[in-house]
Amino acid sequence: MTLEETWVNKFAALGAISMLFAGVSTGAGAQDPSLKPEDVISQWHIGLGIARNNASISQESIDSVGAAAAPAVLGFTVVEKRDVTTGLKLVVGYNVNRFFAVEVGAASFGKFSVEHDYRVGLSSVGFLKTDYKMEALFADAVGILPLGAGWSVLGRGGVSIGRTVVSFDGFPITLIASGDDRRKTKIRAKFGLGAIYEFTPRVSVRGEWERYQLPDPVSTLLGSNKLVKIDSLTASVVYRF
């Protein structure tokens, strides 16, 4: 089975989890038969958001990559570290009632990077850039507390299937740089908090903070099992159809 097929199967499994929750709660989410057709709103919703993501890559991984890429006679230093990126989040959910929903979705965190500079004395003799590309599928249970005047607060908890792809590019540092990509997938818990404002019964906006934990392929190569923690701040528009 290819990596792409495995990824699709995992997403399908998350969808099945959501449908199971929705099926169990059908009675709780049924529409009032006294409502007019134009007043009936589906229990389903979809949302799209833009996120600012901050990644915490372990210093052990950063230093180990720098040391492994060149002979010990060369000194190295980190000259650039890009640990904040912009990403996207897509979510599909089912409102069991006004206090509880289940959601599945996908988050793309963008590309984080670390660049090492190698020196002999005061002269630079090469560089190595390490890129971390990260994304995740997730399934969450979402608790909602209405506050009035269109405002609500939410809390979420669930699981994510996170994938990290690490790639190297360097010149003339090539011991691990030449197209040597490393990738790893891992299932971990996730959680988050946020606020909702409803413009209409169908359209709302959300502001959320979420914590994801993704695998670090470099750490795995070193014989440890460290994770990259990502704090994601997302602004989303949600449509209930």
Side-chain angles (χ1 to χ4, degrees), residues 7 10-26 28-29 41-56 84-110 134-164 185-215 227-241:
W7 203 245
K10 289 177 178 178
F11 187 73
L14 291 178
I17 293 172
S18 176
M19 292 298 292
L20 177 61
F21 276 113
V24 170
S25 58
T26 299
I41 299 176
S42 168
Q43 301 297 96
W44 293 93
H45 61 267
I46 186 170
L48 180 64
I50 186 168
R52 181 176 177 83
N53 305 303
N54 190 311
S56 298
V84 177
T85 66
T86 299
L88 294 174
K89 176 185 175 182
L90 174 67
V91 64
V92 177
Y94 182 85
N95 294 79
V96 177
N97 52 46
R98 63 188 300 224
F99 302 107
F100 181 70
V102 289
E103 295 183 344
V104 297
S108 175
F109 303 110
M134 303 185 193
E135 56 194 7
L137 304 176
F138 61 86
D140 287 343
V142 183
I144 303 167
L145 178 62
L147 301 178
W151 288 96
S152 302
V153 294
L154 68 84
R156 63 168 65 242
V159 295
S160 69
I161 304 172
R163 180 172 70 173
T164 304
T185 301
K186 198 173 188 66
I187 299 176
R188 298 293 295 182
K190 65 178 291 287
F191 54 90
L193 299 169
I196 304 171
Y197 180 74
E198 291 186 357
F199 288 101
T200 72
R202 293 185 183 272
V203 180
S204 61
V205 294
R206 294 180 181 179
E208 294 184 82
W209 163 81
E210 292 174 272
R211 165 65 63 84
Y212 294 82
Q213 301 179 90
L214 279 82
L227 298 169
V228 178
K229 295 179 181 178
I230 295 181
D231 290 308
S232 183
L233 297 175
T234 309
S236 304
V237 176
V238 178
Y239 179 73
R240 189 167 171 177
F241 49 87

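The salt bridge (Lys or Arg N to Asp or Glu O under 4.0 Å) pairs that include a residue from residues 140-159 are Glu103-Arg156, Asp140-Arg156, Asp140-Lys190, Arg156-Glu208, Arg156-Glu210, where partners are two or more places apart or lie in different chains.
The minimum heavy-atom distance between Asn53 and Gly87, with the atom names listed, is ND2-N, 3.5 Å. Heavy atoms only, all atoms of each residue included: Ala106 and Phe138 are closest at N-CE2, 3.5 Å. In terms of heavy atoms, Ala189 sits closest to Gln213 at O-NE2, 3.6 Å. Considering every non-hydrogen atom in both Gln43 and Tyr94, the closest pair reads CB-CE1, 3.4 Å. The two residues Tyr212 and Ser232 come nearest to each other via the heavy atoms CE1-CB, 4.2 Å.
The line from OG1 of Thr164 to CG of Leu214 is 4.5 Å long, rounded to the nearest 0.5 Å. Interatomic distance, Thr185 OG1 to Arg163 CZ, rounded to the nearest 0.5 Å: 6.0 Å. Expressed to the nearest 0.5 Å, how far CD1 of Ile161 lies from CD1 of Ile187 amounts to 4.5 Å. To the nearest 0.5 angstrom, Ile50 atom CD1 is 9.5 Å from Thr234 atom OG1. Note that OG of Ser56 and CG of Leu227 are 11.5 Å apart. Values are rounded to the nearest 0.5 Å. The line from CD of Glu198 to OG of Ser152 is 5.5 Å long, rounded to the nearest 0.5 Å.
Side-chain contact between Arg206 and Leu154 is present, with at least one heavy-atom pair separated by less than 4.5 Å. Here the side chains of Arg52 and Val84 are in contact, with some heavy-atom distance below 4.5 Å.
Under the side-chain contact (heavy atoms from CB on, under 4.5 Å) criterion, Arg211 pairs with Phe191, Trp209, Lys229, Asp231, sequence neighbours left out. Residues meeting the side-chain contact (heavy atoms from CB on, under 4.5 Å) test with Phe199, sequence neighbours left out: Tyr197, Val205.
Ser160 places no side-chain N or O within 3.5 Å of a backbone atom of Gly162 that could act as its donor or acceptor partner.
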